[in-house]
Amino acid sequence: MLNNKIPRKSFLTSLSLVTGATLLPSLLRGGIRMPDNQELIKCGPYLQSPRQNQVTIRWITNKPVYSWIKFGESPTQLDQIQHQSTDGLANANTTIQAITIDGLKPGKIYYYQILSKEIIDFKPYKVTYGNTYTSEILTFKTLKAAGDDAEIWILNDIHDRPESFQQILQFHHPDADFIFLNGDMFNWQKDEQQLVDHLISPLVKAAGANIPFILSRGNHETRGAFARDLHAYFNGVDEKYYYSFTHGPMYIIVLDSGEDKADDHPEYAGLVDFDSYREQQKQWLEKELQKKEFKDAKYKIVFSHIPLFYAGTGHGVQHCRQLWAPLLNDAKISVLISGHTHVYGLHPPKAGEHNYPVIIGGGPLDHIRTLIKLKYDKTGLRATTFNDSGTQLDSLLIGA
Ligand SMILES: [Fe+2]
């Protein structure tokens, strides 16, 4: 999938040539500036894949549309326009919208509007457009450059309890550069409406539409009829669930620990293949740990939904530990952050097993849920954990 910047003048000309339409300004209704044609929008926008020089803006529509974004460095000058295309075709006639903007400056606030034009009829030689939705002006901020301060918030094991986002986040000023969802946001995957009602809408409402989030897969996200459709709604990196990226002084590795039982367990009906998937990640991890950027990074952070320790004796945890733990030990990672057990714990380094601390977030019930903050400033990188009443549980200075 490619994202294409379009010269503003030619874009407006082509729109009016093709459709005879012009972009309508937002209307004033009852003195309040409202977006046009709100009924076209089902959900969003929500921000994905935050990077120093890019972001992906996503939203879901109720009808098939063609979408684009206007953006710029000032709210009064949205002078750049971008849509997304794949194999030479502009993405269109779909209800799932995703537009990646790249070439941005690090640590900078940008202003944007999303626009979606309804496609009423799509004939081979004539496309009939309907109304255009134009959002209010919103903001996103690119990640800061290496060396600057950085702050990541981590949630895990929400398990289809959408009210949890507000209950946990209400005690915290929204300072996160992004929120990392460390698996099991759901019990299983049912359909698109579940993604909207149990994750995207309540999280955007609780955290703010200007804070990106990254969905990392837990074992429960691999279950259910809709599990194979998640890719269409969320961005990691390279369309995979395991990947790496840098943020400030942190090199971040995200592993996908897969299911917790053996592949031949009757629950999975012969439809999973996680042993070979975890082996594949081992090979990828070996290469990651040899990269100069990894070795040079001040902090080396690893996320895995299933912790490699303190998670019982099931096949998933044993297999993850056997494959990945020796590599992570040798690579002298700074911290492993997990969920899955539903039991909060901050486990100090244990010689011979994990020479780094392991933090496991709690959940999903009241008083068990946690928020983990990873914050870097001139004093160093600190992990601070909170319960869902906003009370601090622990504060740990992470070794460089
Ligand atoms: Fe869980």
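Counting starts at 1 for both ligands and their atoms, following the listed order.
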Problem set entry | With the Fe ion (ligand 1) as the apex, the NE2/NE2 angle for His342 and His159 - to 10° | 80°
Exercise. With a 3.5 Å cut-off and no angle check, do the side chains of Glu259 and Thr222 form a donor-acceptor pair?
Worked result: yes
For this session: Could you verify whether a donor N or O on one side chain and an acceptor N or O on the other, from His159 and Asn187, lie under 3.5 Å apart?
Result: yes
For this session: On the 0 to 90° scale, with breaks at 30° and 60°, tag the His319-His315 ring pair as parallel, tilted or perpendicular.
Result: parallel
Problem set entry | Residue Asp157 atom name (nearest to the Fe ion (ligand 1); N/O/S) | OD1
Exercise. In terms of side-chain heavy atoms, does Ser257 have a donor or acceptor partner in Arg278 at a distance below 3.5 Å?
Worked result: no
Problem set entry | Atom nearest to the Fe ion (ligand 1) - Asp184, N, O or S atoms considered | OD2
